[in-house]
Protein chains: 2
Amino acid sequence: MGKRAEALELAILGLLHDAPLHGYELRKRVNSLLGWGRAFSYGTLYPTLKAMVRQNYLAEDQPVDTLVTPAPHRSGRRGRIAYRLTPEGKERFAELLSQTGPSAWDDEHFGVHFAFFGRADADTRMRILIGRRSRLQEKLDQFRSALSRTRERLDAYTLELQRHGLESVEREVKWLDDLISAERRSIDRPPGAMPTPGAGEPPAPPTGNEGENGR
Amino acid sequence: MGKRAEALELAILGLLHDAPLHGYELRKRVNSLLGWGRAFSYGTLYPTLKAMVRQNYLAEDQPVDTLVTPAPHRSGRRGRIAYRLTPEGKERFAELLSQTGPSAWDDEHFGVHFAFFGRADADTRMRILIGRRSRLQEKLDQFRSALSRTRERLDAYTLELQRHGLESVEREVKWLDDLISAERRSIDRPPGAMPTPGAGEPPAPPTGNEGENGR
DNA sequence: GTATGGATGTATCGGTTCGATACATCGATC
DNA sequence: GATCGATGTATCGAACCGATACATCCATAC
């Protein structure tokens, strides 16, 4: 199926879980949900939607030509097709949601999985966070060794690029560490507790995070 | 030609500028040069190399079967093809290097261009940095407006994902600001000055950068 | 009133790019 | 002396993007 379409499938299932949507809106939401990453194109979205209909995860609600807006003199407005989750779709969502392994913590997948963490159980959350962390740790290691191997023969700009890349990954690891310890705390505590490891929340800063969030 | 292959072309020209390399090594260097981003596959590299040979930017040095390593009893070792820059290739490199515009500060392109900043003139550098900054500012704006539009109906995890994404972009803008002011300073100063806006260099920290680079 | 332009919407097509794989040599380790 | 992993070139089918076509709605300006 392709890694990217796999991530898209989860995103679609998750977004349609609460309310039916049509393609255009769906795409906007998917892409703002994963704001930082690459955007999905229609050329990926529509074929994926059709495939999911074929597999019976989704159903199409054709609007026939009835009132979309209760406007007068409506006749043949180009219908917008609302996609709705079937029971099989809900099952599929649960299945994808609970899966751990590389297909959950790869660069392509992690964001979507994280976005729907609220619907996953604590065990799955923890496994994915740990997996993602060690994935990044790997990346960090080869980064550092490549850097130390070639430091002499790099000019200032290339070196700065490497340094910045390294710092970004380090920062992400730190973020994950905070999330992980927040999860651990909420396991020991009543299950109604929220993570909120961000900057600005008064109650329980995760570890020792400086809130140097100027402006 | 495709945006991605365009970036690859510049990377190849830049890496071969000093010394010829063969495909395997070339791929490793390209991908470690742009460490953070997506890696290029052979399925992209080899066709691109062939196209560049066809356009006369590169020449292939077939090793025939001579000594690659001065080992004894050599005969028909599978030759590794070293790619070498032609004069036209050098011209092409200069041309790509000096171009500004979206094709220099897009997500796909910025990293490669920055990596070879040392070979570009100060004017080009500044234009690309400014362009990149405003590109990120755009992204920041739509990020923030999307966030304020939907804040209420987001659960804690989705919100945290958004917050983290936003923070990453903000951090990148800050990085660019430091680079830009370092560039400005080195324009007023003698042209032999180095940027070195990173953490750890004693001389001239760019603005007010905290070096909280623990471990 | 109407045109011009932009947001909303569905859909497809050509070409680019990926991921997996085949194939082959080399050095090491057991 | 065989098995393994790294090095190396190369290709193919499938996945994916980007651009575009087409159509309706609604604002604002003319």
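Below, read A as the first sequence line, B as the second, and so on, with proteins coming before strands; counting in each chain starts at 1. Small disclaimer: the values here were computed from a predicted structure and weren't measured.
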Grab the [atom1]-[atom2] distance between [X] and [N] for me, whole Å please.
X: Asp61(B); N: dT9(D); atom1: CG; atom2: P; result: 13 Å
X: Ile81(A); N: dA11(C); atom1: CD1; atom2: P; result: 4 Å
X: Arg27(A); N: dT10(C); atom1: CZ; atom2: P; result: 12 Å
X: Tyr24(B); N: dT25(C); atom1: OH; atom2: P; result: 17 Å
X: Lys28(B); N: dG5(D); atom1: NZ; atom2: P; result: 17 Å
X: His22(B); N: dT7(D); atom1: NE2; atom2: P; result: 9 Å
X: Asn31(A); N: dT8(C); atom1: CG; atom2: C1'; result: 16 Å
X: Arg38(B); N: dA15(D); atom1: CZ; atom2: P; result: 17 Å

Do Gln162(A) side-chain atoms and Leu33(B) backbone N/O form a donor-acceptor pair below 3.5 Å? yes

Check this one for me: any side-chain N or O of Lys50(B) less than 4.0 Å away from OP1 or OP2 of dT9(D)?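 The answer is no; no side-chain N or O of Lys50(B) sits under 4.0 Å from OP1 or OP2.
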
Residue pairs fulfilling ring-ring contact (aromatic ring centres under 6.0 Å, His included) with at least one residue in residues 83-110 of chain B, sequence neighbours excluded: His17(B)-Phe93(B), Phe93(B)-Phe116(B), Phe110(B)-Phe114(B)

What residues form a salt bridge (charged side-chain N to carboxylate O under 4.0 Å, His left out) with Asp107(A), not counting sequence neighbours? Arg132(A), Lys139(A)

Mind checking what makes salt bridge (charged side-chain N to carboxylate O under 4.0 Å, His left out) contact with Lys90(B), not counting sequence neighbours?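 Partners of Lys90(B) under the salt bridge (charged side-chain N to carboxylate O under 4.0 Å, His left out) test: none.
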
DNA chain C contacts among residues 39-46 of chain B, heavy-atom distance under 4.0 Å: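 Those residues are Ala39(B), Ser41(B), Gly43(B), Thr44(B).
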
Taking for each residue the nucleotide of DNA chain D with the nearest heavy atom, is it Glu108(B) or Tyr83(B) whose nucleotide lies nearer the 5' end? Tyr83(B)

Residues forming a ring pair (Phe, Tyr, Trp, His ring centres under 6.0 Å) with His22(B), sequence neighbours excluded: none

Can you list the residues that meet the ring pair (Phe, Tyr, Trp, His ring centres under 6.0 Å) rule with Tyr46(B), with sequence neighbours excluded?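 Tyr46(B) satisfies ring pair (Phe, Tyr, Trp, His ring centres under 6.0 Å) with Tyr42(B) once adjacent residues are dropped.
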
Contacting residues from residues 2-15 of chain A, given that a heavy atom lies under 4.0 angstrom of DNA chain D: Gly2(A), Lys3(A), Arg4(A), Ala5(A)

Check side-chain hydrogen bond (donor to acceptor under 3.5 Å, both in side chains) between Glu91(A) and all other residues, then give those that pass, not counting sequence neighbours. none

Within the 4.5 Å heavy-atom criterion, are Gln137(B) and Asp141(B) side-chain neighbours or not? yes

Kindly write out the residues that satisfy side chain to side chain contact (heavy atoms under 4.5 Å, CB included) with Ser103(A), not counting sequence neighbours, or none if the list is empty.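 Here the qualifying residues are Glu6(A), Gln99(A).
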
